[in-house]
There are 2 protein chains.
Amino acid sequence: MYDGIIQDLIDEFGRLPGIGPKSAQRIAFHILQTQNFDVTRLAELLTDVREKVRFCEVCGNITEQEQCAICRDPRRDETIICVVEEPKDVVAIERTRQFRGLYHVLGGAISPIDGIGPDDLSIPKLMQRLGSGEVKEVILATDPNLEGEATAAYLSRLLTAIEVPVSRLASGLPVGGDLEFADEVTLGRAFEGRRKVE
Amino acid sequence: MYDGIIQDLIDEFGRLPGIGPKSAQRIAFHILQTQNFDVTRLAELLTDVREKVRFCEVCGNITEQEQCAICRDPRRDETIICVVEEPKDVVAIERTRQFRGLYHVLGGAISPIDGIGPDDLSIPKLMQRLGSGEVKEVILATDPNLEGEATAAYLSRLLTAIEVPVSRLASGLPVGGDLEFADEVTLGRAFEGRRKVE
């Protein structure tokens, strides 16, 4: 244990996800001893991020304006909505450059263990967006895990009831991986979803 | 890539040691979304730590006053000085509760590869502290690696020349470890330093 402020800083860093006590100590000493590390900038960004960053009033993605850059972009296809759990999923999909539609960020996934039900997600806003009848397809891109699958199943029931065409991202072998290292569920899905070679 | 401030915050966290781009992103979103995480406090601590934390004018340990808590403590034995590389080594040794003397923090170790020579370490101040003749033992507790051993060898030559008794922390098998997993150098040292069982 150190005295005073340095220990407070170590404790505070230790509260961040993925930073244990040893890393927190290393970071605090780095900040203390590295003269060209700009503490003022990091301090300002920390307060700014809470004050200025908010959620897009249309899709729930993060933005510094009322609507996010994707919802504001007139070149995006408004007839396709891709539903994801978190803003970081939007970034991951944008990186593929394969999708030119709009997003809808749920803000999580259904998880009874964590006490998260459908009412805690941005589902009413999604239904409202679909109300106009302009949307031709909803792609469910929740995570391929228990919570994500449950959320996708829940949403697909809701959406097929109001006759909106729904699709789900393909499951299968990750590109660049080894077949022998794939878990049995993934390998099973890869068989199920096999495609005829033309 | 995100827009604006959130990406700036991710970049800034990514500059800290041990934090990769993925962790930086996770931390930034945690800060953005966790309402009970006190950003103002972390921001204040960051600027405070640079302004208020300094090095003890006697031993080089970190402190918020002119002298560190250990140098100020009248119960510590002033006749024994334990020489370490960094302030975090002081904390590690204090945790053992085995040492009641004073410390001297060098601020690093001799490392020609990193361009660190004896002149970059707090060696003149150590010699000055020994000048009074009150010190009966200097314990060299630099790291048991190449740089630490080189530093210890350099210091022991200097100190024996002015007839100050010098000792070095024992090398050997770590307590609680498995002999079969010890590297050959450590195991060799453990043989060299074996002690007769009474």
Side-chain angles (χ1 to χ4, degrees), chain A residues 1-13 15-20 22-55 61-65 68-70 86-88 90-91 94-95 107-108, chain B residues 1-13 15-20 22-55 61-65 68-70 86-88 90-91 94-95 107-108:
Chain A
M1 286 289 287
Y2 296 86
D3 287 336
I5 300 175
I6 188 93
Q7 186 61 45
D8 293 342
L9 185 64
I10 293 171
D11 292 342
E12 211 58 29
F13 271 114
R15 296 180 58 205
L16 294 172
I19 301 187
K22 288 267 170 190
S23 312
Q25 184 180 307
R26 203 165 142 221
I27 292 169
F29 273 95
H30 178 88
I31 286 170
L32 180 64
Q33 295 179 332
T34 314
Q35 284 307 319
N36 63 3
F37 184 85
D38 193 343
V39 278
T40 324
R41 180 168 159 77
L42 180 53
E44 279 171 6
L45 282 171
L46 280 166
T47 41
D48 273 10
V49 86
R50 268 286 178 76
E51 279 166 23
K52 295 186 188 159
V53 176
R54 45 184 162 163
F55 298 101
N61 190 14
I62 53 166
T63 179
E64 287 166 44
Q65 300 184 33
C68 75
I70 296 169
E86 303 283 353
K88 49 192 170 224
V90 172
V91 176
E94 284 297 288
R95 228 180 270 133
Chain B
M1 287 289 287
Y2 296 85
D3 286 336
I5 300 175
I6 188 92
Q7 186 61 45
D8 294 342
L9 185 63
I10 293 171
D11 291 343
E12 211 57 29
F13 271 113
R15 295 180 59 206
L16 294 171
I19 300 187
K22 287 269 172 188
S23 312
Q25 184 180 308
R26 204 166 140 220
I27 291 168
F29 273 96
H30 178 87
I31 286 170
L32 180 63
Q33 295 179 331
T34 315
Q35 285 307 320
N36 62 4
F37 184 86
D38 193 344
V39 278
T40 325
R41 180 168 160 77
L42 180 54
E44 279 171 7
L45 283 170
L46 280 166
T47 40
D48 274 10
V49 85
R50 268 286 178 74
E51 280 165 22
K52 295 186 187 160
V53 176
R54 44 184 163 165
F55 298 101
N61 190 13
I62 54 165
T63 178
E64 286 165 45
Q65 301 184 33
C68 76
I70 297 168
E86 302 286 353
K88 50 191 168 222
V90 172
V91 176
E94 284 297 287
R95 226 180 273 133

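Order of the sequence lines sets the chain letters (A, B, ...), proteins ahead of strands, with each chain counted from 1.
Counting heavy-atom pairs under 4.5 Å between each of A/Val39, A/Ile5, A/Ile31, A/Leu32 and chain B puts A/Ile5 at the top. Counting heavy-atom pairs closer than 4.5 Å to chain B, the top-ranked of the candidates A/Pro17, A/Gly4, A/Ala43, A/Gly18 is A/Pro17. With chain A as the partner, the residue from B/Glu94, B/Arg15, B/Lys52, B/Lys88 showing the most heavy-atom pairs under 4.5 Å is B/Lys88. Ranked by heavy-atom pairs under 4.5 Å with chain B, the first of A/Ala69, A/Pro87, A/Ser23 is A/Pro87. Interface summary for chain B: among A/Val90, A/Leu45, A/Thr34, the most heavy-atom pairs under 4.5 angstrom belong to A/Leu45. Interface check for chain B: of the options A/Thr40, A/Asp48, A/Asp8, A/Leu46, the most heavy-atom pairs under 4.5 Å are formed by A/Leu46. Note on A/Asn61, A/Thr63, A/Ile6, A/Thr47: by heavy-atom pairs under 4.5 Å with chain B, the leading option is A/Ile6.
Only the side chain of A/Gln33 comes within contact range of chain B, with at least one heavy atom under 4.5 Å from a heavy atom of that chain. Using a 4.5 Å cut-off between heavy atoms, A/Phe55 contacts chain B through its side chain alone, with no backbone atom that close. In this structure, the portion of A/Ile62 lying under 4.5 Å from any heavy atom of chain B is its side chain and not its backbone. Within the 4.5 angstrom heavy-atom criterion, only side-chain atoms of A/Glu86, from C-beta onward, approach chain B. Within the 4.5 angstrom heavy-atom criterion, atoms from both the backbone and the side chain of A/Glu12 approach chain B.
The CD atom of A/Gln25 sits 13.0 Å away from the CD1 atom of A/Ile19 when rounded to the nearest 0.5 Å. From A/Leu16, atom CG reaches atom CZ of B/Phe37 across 4.0 Å, with rounding to the nearest 0.5 Å.
A heavy-atom distance below 4.5 Å is found between the side chains of B/Val53 and B/Glu64. Counting heavy atoms from C-beta on, the side chains of B/Arg26 and B/Phe13 never come closer than 4.5 Å.
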